[in-house]
Protein chains: 4
Amino acid sequence: MEFNEHKPIYLQIADTICDKILSEEWKPEERIPSVRELGVLLGVNPNTIMRTYDYLQSSDIIFNKRGVGYFISKDAKTTIISVQKHKFIQEELPKILKRMKLLGINPSELLKIDKDN
Amino acid sequence: MEFNEHKPIYLQIADTICDKILSEEWKPEERIPSVRELGVLLGVNPNTIMRTYDYLQSSDIIFNKRGVGYFISKDAKTTIISVQKHKFIQEELPKILKRMKLLGINPSELLKIDKDN
Amino acid sequence: MEFNEHKPIYLQIADTICDKILSEEWKPEERIPSVRELGVLLGVNPNTIMRTYDYLQSSDIIFNKRGVGYFISKDAKTTIISVQKHKFIQEELPKILKRMKLLGINPSELLKIDKDN
Amino acid sequence: MEFNEHKPIYLQIADTICDKILSEEWKPEERIPSVRELGVLLGVNPNTIMRTYDYLQSSDIIFNKRGVGYFISKDAKTTIISVQKHKFIQEELPKILKRMKLLGINPSELLKIDKDN
DNA sequence: GTGGTCTAGACCACC
DNA sequence: GTGGTCTAGACCACA
């Protein structure tokens with residue numbers, strides 16, 4: 001896996017996990033890869049994965065069964081959406097719209113680009 | 001000036017300079033404040049400003065006349081727009097649209113929000 | 001290490017690193033000394049080494065694995081040669097030949113001098 | 001006039017003057033432009049030209065008639081050649097040959113390139 | 001006055 | 001442990 005320059009790797013991994021949950025590729029109560037497995041898979045130090053899991057656990061998105069592994073929480077999807085949707089609309093969207101104006105991109109073009117994908 | 005926590009100060013300063021160029025508050029061939037002046041003005045160490053100027057110069061946005069100071073490049077605005085627009089459309093927009101879909105936000109709502117501002 | 005007076009130290013260090021790569025003393029994918037190690041080794045401030053590494057990274061000669069260290073790029077040698085060769089032939093050689101003419105040195109003497117070494 | 005990045009402007013100007021003398025575009029006893037004239041001509045601060053003239057005068061390449069101007073010394077050409085030729089052969093040539101080897105440029109190619117100009 | 005380089009030392013986030 | 005950023009302060013060459 002390739003990582004973005006400025007965002008911490010452990011958060012980038014958390015993001016892709018959230019995406020998998022949102023897209024229902026990973027479902028509630030399902031076991032997720034062990035710290036070591038995922039570490040090998042992504043070519044990343046296990047400590048970094050540990051940090052991702054810590055973070056997701058403290059956000060109630062995954063939970064741990066001691067000696068067994070980590071699992072997706074029952075309400076993971078709702079949790080993610082409620083947190084991220086609010087943050088996205090309140091904080092990020094205004095910035096995005098402002099930048100689009102400065103760069104001379106009309107928001108309506110956005111819909112067009114969207115359909116092309 | 002107040003700075004965001006996670007993005008380096010020198011880049012945040014670069015951003016505000018780019019914004020000034022885009023909004024034509026600062027025009028081509030115009031001299032910009034000296035390293036020391038801007039340092040005092042922003043309450044920041046001159047070395048940090050130097051780093052900003054280094055970065056902007058390597059991006060062809062400003063240039064240096066030795067012993068005189070830094071100046072806005074003739075094509076600064078075009079340069080900034082082309083770089084940022086490309087990056088925005090190629091890298092950021094896809095991510096944004098993907099996230100909106102995952103979060104269940106219809107892109108057309110975006111236009112509505114835009115009008116409200 | 002001893003440094004030339006007029007060229008910045010951080011560039012002189014960059015040069016010696018490039019030389020090590022060209023002579024294959026340092027090979028692709030190999031880790032290079034940490035900023036602090038090399039600083040101690042050369043009797044130079046770590047910041048100065050950091051600047052060297054910054055410069056080499058922006059030239060695609062080395063790359064960084066976060067939290068691990070810097071590594072020689074796969075194509076480092078080719079990159080260095082193509083950049084330097086181009087610069088040498090386009091910029092420096094014409095000047096050298098012109099000066100030799102003005103100073104009355106026949107270019108063929110150069111071969112003779114070369115053999116003496 | 002455009003200037004090289006790292007070499008002081010006043011020395012670069014001195015170089016071009018020496019070149020004019022070597023190529024006999026400027027001849028002994030001839031008056032050279034005044035500090036102000038040359039400053040305007042090259043788009044450079046008169047102080048910088050002054051420094052060039054100081055330097056050339058202390059090297060016996062030009063001399064000053066008070067209130068009249070600067071003039072090429074009678075032996076300017078020999079002076080320049082004797083100084084530069086020695087320096088070129090002793091100091092610069094070995095470096096050049098070494099770099100050519102590292103870059104894989106055969107000195108004999110040099111003669112070919114020379115003929116092409 | 002200008003930029004440019006360098007040191008020393010600190011603090012931080014990340015792996 | 002790693003790099004990365006920032007400050008403070010110094011010194012220098014150049015215009």
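Only a predicted model underlies this, so the values are computations on that prediction, with no experimental measurement involved. Letters A, B, ... are given to chains in the order of the sequence lines, protein chains preceding strands, and every chain is numbered from 1.
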**Asked** Given side chains that start at C-beta, do those of A:Tyr70 and A:Leu56 come closer than 4.5 Å, heavy atoms only?
**Response** no
**Message:** Is there a side-chain contact between D:Arg51 and the phosphate of F:dC14, meaning an N or O under 4.0 Å from OP1 or OP2?
**Reply:** yes
**Prompt:** Out of F:dC6, F:dA15, F:dA8, which nucleotide sits closest to the side chain of B:Ile9?
**Reply:** F:dC6
**Complete:** Here the distance between atom P of F:dT7 and atom CG of B:Leu42, to the nearest Å, is 10 Å
**Message:** Can you tell me how far apart CG (B:Asp75) and OG (B:Ser82) are? Round to the nearest 0.5 Å.
**Reply:** 10.0 Å
**Prompt:** Does B:Tyr53 put a side-chain nitrogen or oxygen below 4.0 Å from OP1 or OP2 of E:dT2?
**Reply:** no
**Request:** Compare side-chain N and O positions of B:Ser34 against OP1 and OP2 of E:dT2 and report whether any pair is under 4.0 Å apart.
**Result:** yes
**Asked** Rounded to whole angstroms, how far apart are CZ on C:Phe71 and C1' on F:dT2?
**Response** 10 Å
**Item:** Nucleotide E:dT7, atom P - distance to CZ of C:Phe3 in whole Å
**Value:** 8 Å
**Message:** Within the 4.5 Å heavy-atom criterion, are B:Phe3 and B:Ile13 side-chain neighbours or not?
**Reply:** yes
**Message:** Within the 4.0 Å heavy-atom criterion, would you say A:Val44 contacts the bases, only the backbone, or no part of the nucleic acid?
**Reply:** nothing
**Earlier contact from the 5' end, DNA chain E, for B:Arg36 and A:Lys7** = B:Arg36
**Message:** Any strand counts, and the cut-off is 3.5 Å on both contacts for Watson-Crick or G-U wobble. Which nucleotide pairs with E:dC14?
**Reply:** F:dG1
**Prompt:** Should we say atom CZ of D:Arg36 is surrounded by more than 12 heavy atoms from elsewhere, each under 6.0 Å from it?
**Reply:** no
**Item:** Residue B:Arg66, side-chain heavy atoms: nucleotide from E:dG3, F:dC14, E:dC6 that is nearest
**Value:** F:dC14
**Item:** Closest nucleotide among E:dC6, F:dC6, F:dG3 to the C:Pro8 side chain
**Value:** E:dC6
**Asked** Are any of C:Thr48's side-chain N or O atoms less than 4.0 Å away from OP1 or OP2 of E:dT5?
**Response** no
**Prompt:** For B:Asn47 and B:Asn64, take the nucleotide of DNA chain E holding the closest heavy atom to each; which residue's nucleotide lies nearer the 5' end?
**Reply:** B:Asn64
**Prompt:** For C:Tyr10 and E:dC6, is the shortest distance between a side-chain N/O and OP1 or OP2 below 4.0 Å?
**Reply:** no
